[in-house]
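Lettering follows sequence order; numbering is per chain, from 1.
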Amino acid sequence: MDYRAVRGMRDVLPEEIPAWERLESTARRLADLAGYREVRPPLLEETDLFIRSVGEVTDIVEKEMFTVRKADHSFTLRPEGTAGIVRAYVQAGYAKRAPLQKLFTIGPMFRYEKPQKGRERQFTQFDMEAIGSLDPRLDVELIDLAARFFEELGIRGLEVRINSMGDGEDRDRYREAVREFVRPNLARYSEESRARFERNVLRVLDSKHPGDVELNQGAPRILDFLSDENRAHFEAVERHLRSIGRTVVVDPGIVRGLDYYTRTIFELHYPDLGARSALCGGGRYDHLVEELGGPDLAAVGFAIGFTGTLLVLEELGLSEALAADAPPVYVAAADPACDDEVFRLVCELRGAGLGAVFDSAGKKLGKQLKAAGTGGHAVAAILGPDELAGSTVQLKVLDTGEQRSVPRDGAAEAIRGILAARGSGAASGERGGA
RNA sequence: GUGGGUAUAGCUCAGUUGGUUAGAGCGCCAGAUUGUGGCUCUGGAGGUCGGGGGUUCGAAUCCCCUUACUCACCCCA
């Protein structure tokens with residue numbers, strides 16, 4: 001095999017499209033329900049946009065960007081959706097004419113990481129963003145919508161974890177407190193954690209080394225460092241979550257990897273997925289609009305990864321019931337002499353709004369009917385010399401085997417009748433599953 | 001970036017201590033059935049055994065290198 005898809009990128013083949021369409025339609029329906037409008041920023045942005053928004057010392061910027069240079073400019077394939085959406089928001093002038101915008105986008109993101117289960121270099125995300133307000137009900141609205149997305153797909157048992165990162169000053173004071181907490185025992189920490197101590201001390205608390213976990217007992221919690229205002233915001237989020245019946249876990253260990261996050265952050269986990277259990281991550285980014293040249297406006301959003309979601313659907317056996325509908329009619333030639341007339345009927349039926357296909361491999365009638373049956377078509381229309389002579393067509397209902405002759409002129413109508421009779425009895429999704 | 005595993009037909013996989021023309025199931029094509037499918041039977045096509053080098057009379061099998069895939073760590077969707 002000479003050519004393969006680029007490492008970490010894969011083809012979504014026709015067999016998988018129904019599952020993808022289901023994710024997309026579920027996302028769009030939810031967005032409509034809550035008044036979020038679709039926006040489609042370009043896949044390529046100036047590299048500096050991501051450095052500025054995601055943060056210079058993050059993994060994404062340091063080593064995961066797909067960057068191309070052209071004529072003194074540096075462009076980067078978007079590694080996440082929020083930066084581009086906020087850039088578009090500012091550029092479109094929404095900040096002045098209609099500051100509160102609820103937006104969503106669905107599309108590919110790119111990160112140069114080593115691929116593994118649930119992680120690809122090109123992956124698709126569903127992003128929802130509410131820009132222009134600090135209302136804690138928006139935090140909760142988004143958490144609720146994210147959870148609802150999975151529930152509508154049939155995925156239960158998700159765990160919602162929330163935390164607050166405070167704002168810049170809160171975080172500075174907290175970071176200092178953690179540094180003081182760790183420093184006396186630094187020599188006893190794992191090598192990994194000692195490196196993190198320098199680079200990003202908060203990650204020390206995230207360590208999975210047994211010894212580190214022990215040492216981290218009793219570490220300061222960021223929630224104790226929140227300003228009154230940020231504490232009130234966090235408590236309001238919890239209160240609203242309770243009032244709509246969403247149970248969540250407050251997890252002081254969540255520390256998101258992008259610099260722009262502030263205040264509320266959350267993740268949705270599917271515990272059975274193992275190492276890569278987070279299906280959704282999000283939170284507030286209350287300074288990003290200003291950072292990108294707009295006024296100081298608060299915002300909150302999340303991203304759901306399709307890759308992990310599809311994995312879970314697969315595991316739960318929920319993706320097998322999905323199959324695309326084949327065109328209802330297969331027009332078969334009883335004799336090669338009728339091929340022209342078969343093609344004419346196919347086009348005629350399509351003109352009448354009936355999906356129709358024909359054999360173009362020179363199969364004999366028996367093989368054509370076999371193909372019609374296994375191909376998932378509902379009706380076979382058979383044309384042979386006898387039918388041509390009598391201006392008729394044989395219609396065979398493929399799942400019952402019953403067959404009758406109808407006038408050629410009335411073929412479309414007769415087929416419509418058969419489909420209506422079939423369709424009325426069958427529930428949606430009858431095909432594919434069984 | 002670090003560490004482990006795996007590479008044989010379109011797919012899922014066998015291949016015995018290295019031994020002659022590398023197999024099976026599914027799928028595909030055809031015939032039995034010269035105008036009627038889903039079952040059955042018969043036959044067929046399809047493989048530089050990931051690539052390169054080495055050991056050997058002889059390598060899919062042993063050794064080295066390489067590439068790809070995959071899993072985990074890190075981090076994240």
* Contact class for Gln403(A) (heavy atom, under 4.0 Å): base, sugar-phosphate, or nothing? -> base
* **Nucleotide forming a Watson-Crick or wobble pair with U6(B), both distances under 3.5 Å** => A68(B)
* **Gap between atoms CZ and P, on Phe149(A) and A77(B) respectively (whole Å)** => 15 Å
* **Rounded distance (Å) that lies between atom P of A68(B) and atom CE of Met9(A)** => 14 Å
* To do: Write down the distance between CZ (Arg121(A)) and C1' (G1(B)), rounded to a whole number of angstrom.
  => 12 Å
* Write down the distance separating the P atoms in U16(B) and C28(B), rounded off to the nearest Å. => 31 Å
* Asked: What integer number of Å spans the C1' atoms of C26(B) and G4(B)?
  -> 32 Å
* Asked: Rounded to the nearest Å, what distance is computed from the CG atom of residue Leu365(A) to the P atom of nucleotide G31(B)?
  -> 12 Å
* To do: With the side chain counted from C-beta on, respond yes when Thr105(A) and Leu103(A) share a heavy-atom pair under 4.5 Å apart, and no when they do not.
  => no
* Asked: Within the structure shown, what part of the strands sits under 4.0 Å from Lys364(A) by heavy-atom distance: base, sugar-phosphate, or nothing?
  -> sugar-phosphate
* Asked: Base, sugar-phosphate, or nothing: which does Lys363(A) touch, judged by heavy atoms less than 4.0 Å apart?
  -> sugar-phosphate
* Structure fact -> Whichever of Ala361(A) and Leu369(A) has the more 5' nearest nucleotide on RNA chain B, that residue is Ala361(A)
* Within this structure, what is the CD1-to-C1' distance between Ile60(A) and G1(B), rounded to whole angstrom? -> 16 Å
* To do: Provide the Watson-Crick or G-U wobble partner of G46(B), both distances under 3.5 Å; none if there is no partner.
  => none
* To do: Indicate yes or no: does Glu151(A) engage Arg156(A) in a salt bridge with an N to O separation below 4.0 Å.
  => no
* Structure fact -> By the Watson-Crick or G-U definition, both distances under 3.5 Å, G35(B) is matched with none
* Asked: Which part of the nucleic acid, if any, lies within reach of Glu113(A) when heavy atoms closer than 4.0 Å are counted: base, sugar-phosphate only, or nothing?
  -> base
* Asked: So what does Glu387(A) hit on the nucleic acid, given a heavy-atom distance under 4.0 Å: a base, only sugar-phosphate, or nothing?
  -> base
* Donor-acceptor pair under 3.5 Å, Arg119(A) side chain vs C75(B) base -> yes
* Asked: Expressed in angstrom and rounded to an integer, what is the separation of His269(A) atom NE2 from C75(B) atom P?
  -> 13 Å
* Give a yes/no on whether any side-chain N or O of Arg7(A) is located under 4.0 angstrom from OP1 or OP2 of C69(B). => yes
* Of all heavy-atom pairs between Met9(A) and Phe110(A), which one has the smallest distance, and what is that distance? -> CE-CD2, 4.1 Å
* Asked: Under 5.5 Å between ring centres and under 30° between planes: true for Phe123(A) and the base of A77(B)?
  -> yes
* Partner nucleotide of U61(B) by Watson-Crick or wobble geometry (both distances under 3.5 Å) -> none
* Tell me what Gln368(A) touches on the nucleic acid: a base, only sugar-phosphate, or nothing, going by heavy atoms under 4.0 Å. => nothing
* Asked: For Ser74(A) and Glu46(A), does a side-chain donor sit closer than 3.5 Å to a side-chain acceptor?
  -> no
* Does the cation-pi check pass for Arg263(A) over Phe234(A), that is, NZ or CZ under 6.0 Å from the six-membered ring centre and within 45° of its axis? -> no
* Asked: Quick one: Ile106(A) CD1 to A77(B) C1', roughly how many Å, whole number?
  -> 14 Å
* Any side-chain N or O of Gln125(A) less than 4.0 Å from the OP1 or OP2 oxygen of A77(B)? -> no
* To do: Between U36(B), A30(B), U2(B), spot the one nearest the side chain of Lys367(A), thanks.
  => A30(B)
* Asked: Looking only at side chains, do Tyr36(A) and Gln101(A) share a donor and an acceptor under 3.5 Å apart?
  -> no
* Rounded distance in Å between the C1' positions of A45(B) and C29(B) -> 7 Å
* If you measure only the distance, is there a donor-acceptor pair under 3.5 Å linking the side chains of His240(A) and Asp139(A)? -> no
* To do: Pick the P atom in A22(B) and in G5(B), then give their distance to the nearest Å.
  => 30 Å
* Structure fact -> When rounded to the nearest 0.5 Å, the distance separating CD of Gln125(A) from CD of Glu80(A) is 7.5 Å
* To do: Provide the distance between the two C1' atoms, one in U8(B) and one in C13(B), to the nearest whole Å.
  => 9 Å
* Structure fact -> Mate of U55(B) across any strand shown (Watson-Crick or G-U wobble, both atom pairs under 3.5 Å) is none
* Among G35(B), C71(B), A77(B), which nucleotide sits nearest the side chain of Lys117(A)? -> C71(B)
* C1' atoms of C64(B) and U70(B), separation to the nearest Å -> 23 Å
* Structure fact -> When rounded to whole Å, the CD to P distance for the pair Glu80(A) and C75(B) reads 19 Å
* **Distance, P atom - from U17(B) to C62(B), rounded to whole angstrom** => 10 Å
* To do: Kindly say whether, by distance alone, the side chain of Lys370(A) makes a donor-acceptor pair under 3.5 Å with the base of U36(B)?
  => no
* So what's U20(B) paired with, Watson-Crick or G-U wobble, going by both distances under 3.5 Å? -> none
* What is the nucleic acid contact for Pro385(A), judged by heavy atoms within less than 4.0 Å: base, sugar-phosphate only, or nothing? -> base
* **Euclidean distance for C1', G18(B) against A59(B) (whole angstrom)** => 6 Å
